[in-house]
Amino acid sequence: MSDFPLSAGGARRPLSGPRRALAAGALGVLGVVTALATTLPANAAASTLGAAAAQSGRYFGTAIAAGHMNDSTYVATWDREFNSVTAENEMKWGPIEPSRNSFNWGSADQIVNHAVSKGMKVRGHTLVWHAQLPSWINSSMSASDLRSAMTNHITQVMNHYKGKVFAWDVVNEAFADGGAVGTLRDSIFTQKLGNGFIEEAFRAARAADPNVKLCYNDYNIDNATAAKTQGVYNMVKDFKARGVPIDCVGLQSHFGNPPSNYQQNIAQFAALGVDVQITELDVGGSGSTQADAYRRVVQACTAVPRCAGITVWGITDKWSWRSGDTPLLFDGNFNKKQAYTSVLDALNAATPSTSPSPSASPSRSPSASPSASPSASPSASPTRSPLPGGCSATIKTINSWGGGFQSEVTVQAGSSAVNGWTVKWTWPSGQSISSLWNGRQSTSGSSVTVTNETYNGSIAAGASTTFGFTANGNAATPTATCTSP
Ligand code: G3I
């Protein structure tokens, strides 16, 4: 890995004003965006966390320990409330590969098979971490031996869970808590392989599975301007600039209160062209203080389209790794706490998520509903009526900050289905795209041309799909043209 260039990412401003809630995931969009906001009824509130999150295209998951799966209330609560899972310990290197190249899948499979049978998503946690390593990984190994062990571990574990896990924490907690921006934690990986071990791990992961999201996951990277956060931000920016595969950043979010710039932090990572996942949320406290903190976390995530989902680090306070802080949504008797209600209410009021496929997997469908469009924004470009058989395109500003902005472009088919589309516009004042997803761009001066990916070129008559981008400069919504062959 090259040096991580320092950036001004932490200095970005918070998102612009509140957005209107629109539970679009279940809605078919047949009209133009501007018409939607005034004609569609609000969805009825969902009564479980997973169902509420799904309304905006997100998931709401929990960490599960296989050792508790003989408790029927634990499993019933998991099944009822959550639509995603992370194995709390069972997929870590020590438990899953206790002897070299000899894998103990049993406990992790127990969790994954249950989740798959219930239609839940599964987050993979974690491939390369300095903790919970097997004893055969030790300082007597040569660098090349450790490298080969790491690559084999990543490959074997990812192959085993291919098609079942949607996102992997490829590297966990590699950054140090102190020191200069970009300082990595001292570990056997930095000692033997140097700072480049992170990049090596991500490249090996992409080679193992092109269709899964690859995440960097860490704690204490919740504050937008903290040195540790800036180190991770710079690494992600560097990876994106050099084409090192990375699709998501996991904010563990073990805290007592979200930092005041938490939403800004999520937005600044998202603006780099990665998803953000809140991966291990637990909030110490009780009563209304805790409920309010949880509400602010959910609101921060759901205000950013690329915040794809939230996982809490356990179900019940009694089995939390920090049970003395009573940090979860259910008490020791599996009763819903005040925090549960505030999370449910905040999820029910959420704006849709847009989470594109992994960058190296153009053949996989995006997880976001192609018809999910946020409510109309005053900054949307004019929509041209599609010709019969043609298409139209509308550019809308999603976020903006000093010197940059994020937009979503809705491509809508006319009265006939389209098979392939090209959207063009001209920037009015020197804007430039820094990252674009769900489309292929070619730029010539101020003229931008975006064509469909292989997976989103076909749009049924009257239906729509979206692509998105982040750009430098002042937010602009030029009129776009859309043509189809
Ligand atoms: O399973 C053994 C058991 O057989 C043995 O008798 C017992 C004796 O102490 O240990 C048990 O293993 C424990 C394991 O949890 C399962 O309960 C380990 O000692 C204990 O260290 C381990 O703690 C886990 C911790 O990661 C390890 O660092 C916590 O459950 C788990 O919640 C925690 O999760 C981490 C994330 O993976 C990464 N981010 C931070 C987060 C919280 O620390």
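One is the number of the first residue; the rest follow in order along the sequence. Whatever order the structure lists ligands and atoms in, that order sets their numbers, starting from 1.
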Is it true that atom NZ of K164 has more than 12 heavy atoms of other residues, nucleotides or ligands lying nearer than 6.0 Å? no
Could you tell me whether W78 and H68 have their ring centroids closer than 6.0 angstrom? no
Centre-to-centre under 6.0 Å for F269 and Y216, is that the case here? no
Which residues pass the salt bridge (Lys or Arg N to Asp or Glu O under 4.0 Å) test with D282, sequence neighbours left out? R322
Taking side chain to side chain contact (heavy atoms under 4.5 Å, CB included) as the test, write out the residues that go with N83, two or more places apart. A54, Y59, F60
For ligand 1, the residues whose heavy atoms come within less than 4.0 Å (ordered by chain, then number): E88, N89, K92, H125, W129, Q132, N172, E173, Q252, H254, E280, W313, W321
ring-ring contact (aromatic ring centres under 6.0 Å, His included) partners of F255, counting only residues at least two apart: Y262
